[in-house]
Amino acid sequence: MTTSLACPAACAVPTDVLRRFDRPGPRYTSYPTADRFVEAFGPEDLRQALLQRRHGGAGQALPLSLYVHIPFCESLCYYCACNKIITKRHEKAGPYLDYLAREVDLYVAMLGEGQQVWQLHLGGGSPTFLNDEELGRLMGLLRRRFALAPGGEYAIEIDPRTVDATRLQHLARLGFNRLSFGVQDFDPAVQKAVHRVQPYAQVEQLVHSARGLGFESINVDLIYGLPLQTPASFAQTLEQVVQLRPERIALYGYAHLPERFKPQRRIHAGQLPDGAARLAMLGAALARFEAAGYVYVGMDHFALPSDALAVAKRQGRLHRNFQGYSTQPDCDLVALGVSGIGKIGASYTQNAKTMEQYCDLLDQGTLPVVRGLALTRDDLLRRSVIMALMCQGALQFEAIELAWLIDFHQYFAAELAQLQALQDDGLVQVDAQGLQVTATGWYLVRAVAMVFDRYVQADRTRARFSRIL
């Protein structure tokens, strides 16, 4: 059975199929997903996982990634579902960095000094809320306590309204080699409706400056389904993004969940595009990016053929983690800061979501973990299946059987029966040897993965998730 995937922009998906599968579902940046974490998992459980990594040969061999959450933003974007603190008081950053240093000390005490790091991501919030001195202080801390490997991926999320060419130069000096610009949409009316005004010319100049400074990869984030967006207005944004020619593009569908995310209550539901318009925008984006030479990496990621993400896709080395698709192999992830989600061995963790609780736990000398999950053997098995689908779009039953000592057809009898309906819709091809996601099915790979999600199958109430399309 072949494992190649055609770009879905080249195929037609029946409207009734799209409509039937346009429903909530996990994004599978992890399995089990973060909504399954439990408060019974706490600092002591994480401590044991860290010590096991340090003293267990197999665990210690796993690469290490770092994620640092900077929660501060100067202004509120109405669509945002991230954990953030809206403030113009920049003096809050210094004490927060003090607490990050305490958290790093606790990790290093258990992991050991100088652990090698291949991937670093600063997210938020807005990491560029920090001034140049504060960013230098943070990077100095990380370099002192960890060994940042030459040739690693060191990325930072950029709010274009908070940087200029001089600041980009400072980021390059600090060692960042990848930038992610939060664009969302270039239409002035849409920007005003979501309270994020940043003219195209401003972003264009920053991208030009970043290229001159030698950044290896530039990513642009876009969102379709925002208020006042139309297929015509979004098509103009697509043209402008193609002109910028970033190495990577992340395209997300807006999930309107005002009951969960308070800022979204400022968005007028009547201004949101309907389902047909959303599908039109998605289809136009897929077609336009393909025409511009981008590789459809999967679900929400596009990359130029020469980019490491596209190369990993071609070579079957694609992975998925809490930041989305990645070129890095299965890493342990140390997540620092408020609400950070990490992975150590066979466990997931999440830090306190409020600054008060985060600081209070660190004041007590305790890792600020408030919930997490110790994965069972079934979780690990299903994670391997789901990630193979999300990253390679294929399963070889024998490989799973040899790795996990199961009979695939027996263990997943109920799931294979469910796949028949997806096969009838042309989303998958199943034979005795394995499962292949079709070009059509790559649009809807989350729906295929959900078949193997034991938690979703047991709980059909999925309103907590974003929509598949």
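Heads up: numbering here begins at 1 and tracks the sequence.
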Margin query: Using side-chain heavy atoms (C-beta onward) and a distance below 4.5 Å, is Y358 in contact with N351?
Written below: yes
Notebook entry, point to check: R196 pairs by salt bridge (charged side-chain N to carboxylate O under 4.0 Å, His left out) with which of D159, D221, D187?
Noted result: D159
Check: According to the interplanar angle, ranging from 0 to 90°, do the rings of Y96 and F72 count as parallel (below 30°), tilted (30 to 60°) or perpendicular (above 60°)?
Finding: perpendicular
Check: Is Q116 atom CD crowded by more than 12 heavy atoms from other residues, nucleotides or ligands, each under 6.0 Å away?
Finding: yes
Check: Between the side chain of Q392 and the main-chain N/O of L318, is any donor-acceptor distance below 3.5 Å?
Finding: yes
Item checked: Aromatic centroids of Y348 and F322 separated by under 6.0 Å -> yes
Next item on the list: Measure the CG-CD distance between D307 and E216 for me, rounded to the nearest 0.5 Å.
Entry: 10.0 Å
Next item on the list: Pick out which of K313, H319, Q119, E153 makes a side-chain hydrogen bond (donor to acceptor under 3.5 Å, both in side chains) with T327.
Entry: E153
Item checked: Straight-line distance of L381 CG to I406 CD1, nearest 0.5 Å -> 4.5 Å
Checklist line | L122 and L135, any side-chain heavy atoms less than 4.5 Å apart | finding: yes
Next item on the list: Over all heavy atoms of both residues, which pair between S75 and H195 is shortest? Give the atoms and the distance, please.
Entry: CB-CE1, 4.3 Å
Note to self: Could you walk me through whether F452 and Y31 satisfy the ring pair (Phe, Tyr, Trp, His ring centres under 6.0 Å) test, starting with their C-alpha distance in whole Å, then the side-chain angles of each, then the deciding distance to 0.1 Å, before giving a yes or no?
What the structure shows: CA-CA 10 Å; F452 292 92; Y31 179 83; over 10 Å; no
Notebook entry, point to check: Got a second to check how far Y28's OH is from M450's CE, nearest 0.5 Å?
Noted result: 5.5 Å
Margin query: Using modelled atom types and a 3.5 Å cut-off, is there a donor and acceptor pairing between side-chain atoms of Q205 and backbone atoms of A201?
Written below: no
Next item on the list: Could you grab the distance from atom CD1 of I341 to atom OG1 of T349, nearest 0.5 Å is fine?
Entry: 8.5 Å
Notebook entry, point to check: Please walk me through it: do R382 and Y455 pass side chain to side chain contact (heavy atoms under 4.5 Å, CB included)?
Noted result: CA-CA 11 Å; R382 290 177 183 272; Y455 300 94; over 6 Å; no
Next item on the list: Starting from the C-alpha separation in whole Å, work towards a yes-or-no answer on side chain to side chain contact (heavy atoms under 4.5 Å, CB included) for L282 and L251.
Entry: CA-CA 9 Å; L282 173 60; L251 175 69; 4.1 Å; yes
Next item on the list: Could you please spell out the steps behind the side chain to side chain contact (heavy atoms under 4.5 Å, CB included) verdict for Q115 and R145?
Entry: CA-CA 8 Å; Q115 286 277 300; R145 308 312 302 274; over 6 Å; no
Check: Could you walk me through whether E44 and R47 pass the salt bridge (Lys or Arg N to Asp or Glu O under 4.0 Å) check?
Finding: CA-CA 5 Å; E44 178 58 26; R47 191 180 77 86; 3.0 Å; yes
Check: Atom CZ of R288 and atom CG of L238: how far apart are they, to the nearest 0.5 Å?
Finding: 8.0 Å
Check: Got a donor-acceptor contact below 3.5 angstrom from the N177 side chain to the G151 backbone?
Finding: no
Check: Should the pair Y252 and H301 be assigned to parallel (<30°), tilted (30 to 60°) or perpendicular (>60°) ring geometry?
Finding: perpendicular
Next item on the list: Considering non-hydrogen atoms only, spot the tightest contact between G125 and P127 and give its length.
Entry: O-CD, 3.8 Å
Check: Taking the side chain from Q202 and the backbone from P160, do they hold a donor-acceptor pair closer than 3.5 Å?
Finding: yes
Notebook entry, point to check: Under 6.0 Å from the six-membered ring centre of Y294 and within 45° of its axis: does the NZ or CZ of R245 meet both?
Noted result: yes
Checklist line | Considering all heavy atoms, the nearest L130-A93 contact | finding: CD2-CB, 3.5 Å
Notebook entry, point to check: Considering the options R248, E247, R317, which one meets the side-chain contact (heavy atoms from CB on, under 4.5 Å) requirement together with L309?
Noted result: R248
Check: Would you find more than 12 non-hydrogen atoms of other residues, nucleotides or ligands less than 6.0 Å from E39 atom CD?
Finding: no
Next item on the list: May I ask you to check whether F302 and F289 place their ring centers less than 6.0 Å from one another?
Entry: yes
Notebook entry, point to check: Between the main-chain N or O of M390 and the side-chain N or O of Y325, is there a donor-acceptor pair closer than 3.5 Å?
Noted result: yes
Margin query: Taking the side chain as everything from C-beta on, heavy atoms only, tell me whether I158 gets closer than 4.5 Å to L171.
Written below: yes
Next item on the list: Examine distances only and state if a side-chain atom of Q264 and a backbone atom of Y79 form a donor-acceptor pair shorter than 3.5 Å.
Entry: yes
Notebook entry, point to check: Checking R371 against F41: charged group under 6.0 Å from the ring centre and within 45 degrees of the axis?
Noted result: no
Note to self: Is it the case that atom CZ in R161 sees more than 12 heavy atoms from other parts of the structure closer than 6.0 Å?
What the structure shows: yes
Next item on the list: Ignoring hydrogens and angles, tell me if any N or O in the side chain of D379 forms a donor-acceptor pair with the backbone of T376 under 3.5 Å.
Entry: yes
Note to self: As an exercise, state the distance from CZ of R36 to OG of S30, rounded to the nearest 0.5 Å.
What the structure shows: 11.0 Å
Item checked: Verdict with reasoning, Q184 to Y254, per side chain to side chain contact (heavy atoms under 4.5 Å, CB included) -> CA-CA 10 Å; Q184 323 319 342; Y254 171 63; over 6 Å; no
